[in-house]
Amino acid sequence: MQKFFLALTLLFGIVACTRNAITGRNQLTLVSEQQMEQLSLTQYKQFLSENKVVSASKDNAEMVQRVGSRIAKAITEYYKQKGLTNNIADYKWEFNLVESKEVNAWCMPGGKVVVYTGLLPITQNEDALAIVLGHEITHAVAGHGRERMSQALLAQGVQVAGNVALGSDTKTVNIFNSIYGPTAQLGVLLPNSRNQELEADHYGLIFAAIAGYNPEEAIPFWTRMMNLSKSDGQTPTFLSDHPSDASRIEKLKQLMPEALTYYKPANK
Ligand SMILES: [Zn+2]
């Protein structure tokens, strides 16, 4: 029965593909962007209620707000130029710094961004923070969360009927949490695909550059990440999802000339 169901879902899955407006890549879409945003909002609020949010008046929280807002503005400009404003019309951006030793950051669909204080010793400066936020926000606006959610639903044989709210279905919520990891146990996180990582690196650099941050800071940042994973026996959450190795850094160097064409240093 399970197999039959999976085959049916697969058949449905082949039909349920959408071409991403920014990347041009076809993505499996078994859930709508609205369903993703609704699920995000519920999980995001729960996460904030269970974690210590650093007061917005503190320097580092202010920095996260500042860098995040600039990246969001850059993305809005970029989408406007491409005539794609509708794609992010529902986004209500929020940027939070959360007290945690974890090296981690994420952006949920709808523009809910969280940075963990444990990331800041690795980013070390605003440009590198912009690299991380550019990357994470790209995962959201390029529909990667929705795509991973769809792939996981398919793999686990969970059928979603129409455009219904998903927040009350435990299995669906667990899959969502295994993508964003706010409450997931380490080890059950579903990794991004290589395609998604490459897209997030590519557009993340461009968005950081438009926002006035130096994209070249990506190289020393990812090098610090790589060294961290070597020196520390434990893999930080961010790295379990974002393997940093020589091939990523090589690829970033190849993407750099294009990103630099967008770069006008901001007055900091
Ligand atoms: Zn990523």
Side-chain angles (χ1 to χ4, degrees), residues 20 22-23 25 27-28 36 40 43-44 64 67-68 71-72 74-75 78 88 95 98 102-116 118-120 122-123 127-152 175-182 184 186-209 211 213 215 217-229 235-256 258-259:
N20 187 273
I22 284 292
T23 63
R25 188 165 59 80
Q27 294 172 309
L28 180 68
M36 283 304 286
S40 297
Q43 297 307 308
Y44 167 75
V64 167
V67 176
I71 300 273
I75 289 175
Y78 186 89
I88 50 168
F95 307 94
V98 163
E102 264 189 66
V103 179
N104 202 9
W106 40 256
C107 172
M108 285 180 180
K112 308 306 185 203
V113 178
V114 166
V115 173
Y116 296 59
L119 177 73
L120 299 183
I122 322 295
T123 51
D127 297 88
L129 179 61
I131 298 299
V132 177
L133 291 184
H135 179 103
E136 286 308 308
I137 293 173
T138 300
H139 276 314
V141 295
H144 293 164
R146 183 186 179 191
E147 184 179 25
R148 290 164 76 192
M149 183 86 194
S150 300
Q151 288 162 343
I175 293 175
F176 180 87
N177 284 336
S178 70
I179 294 170
Y180 289 97
L186 200 60
V188 298
L189 272 178
L190 302 167
N192 284 300
S193 72
R194 285 185 90 84
N195 265 340
Q196 292 170 335
E197 279 306 294
L198 185 59
E199 286 170 4
D201 276 344
H202 181 189
Y203 291 96
L205 286 183
I206 291 175
F207 298 148
Y213 297 103
E217 281 296 326
I219 310 299
F221 165 74
W222 283 106
T223 306
R224 288 195 290 279
M225 272 294 196
M226 186 167 72
N227 293 337
L228 182 75
S229 58
T235 309
T237 319
F238 189 74
L239 276 173
S240 68
D241 200 14
H242 296 87
S244 179
D245 49 29
S247 70
R248 179 192 285 266
I249 289 165
E250 202 40 56
K251 198 76 211 169
L252 282 164
K253 285 181 182 165
Q254 290 169 22
L255 295 169
M256 205 54 71
E258 185 197 0

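Note that the numbering runs from 1 along the sequence shown for the chain. Each ligand, and each atom within it, is numbered from 1 in the order the structure gives.
Judged by distance alone, the side chains of Glu199 and His144 do bring a donor and an acceptor atom under 3.5 Å apart. Side-chain contact annotation: Asn195 with Ser193, donor-acceptor N/O pair under 3.5 Å absent.
The Zn ion (ligand 1) has no N, O or S atom of Glu136 closer than 2.8 Å. The Zn ion (ligand 1) has no N, O or S atom of His144 under 2.8 Å away, backbone or side chain.
With respect to the Zn ion (ligand 1), Glu197 has OE2 as its nearest N, O or S atom. Looking at His135, its N, O or S atom nearest to the Zn ion (ligand 1) turns out to be NE2.
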Checklist entry - Between Tyr44 and Trp106, is a side chain to side chain donor-acceptor pair (under 3.5 Å) present by the stated rule, with each step listed? => result CA-CA 11 Å; Tyr44 167 75; Trp106 40 256; over 6 Å; no
Next on the checklist: Checking Glu197 against Lys251 for the salt bridge (Lys or Arg N to Asp or Glu O under 4.0 Å) test, could you report, in this order, the C-alpha distance in whole Å, the side-chain angles of both residues, the deciding distance, and whether it holds?
Outcome noted: CA-CA 11 Å; Glu197 279 306 294; Lys251 198 76 211 169; over 6 Å; no
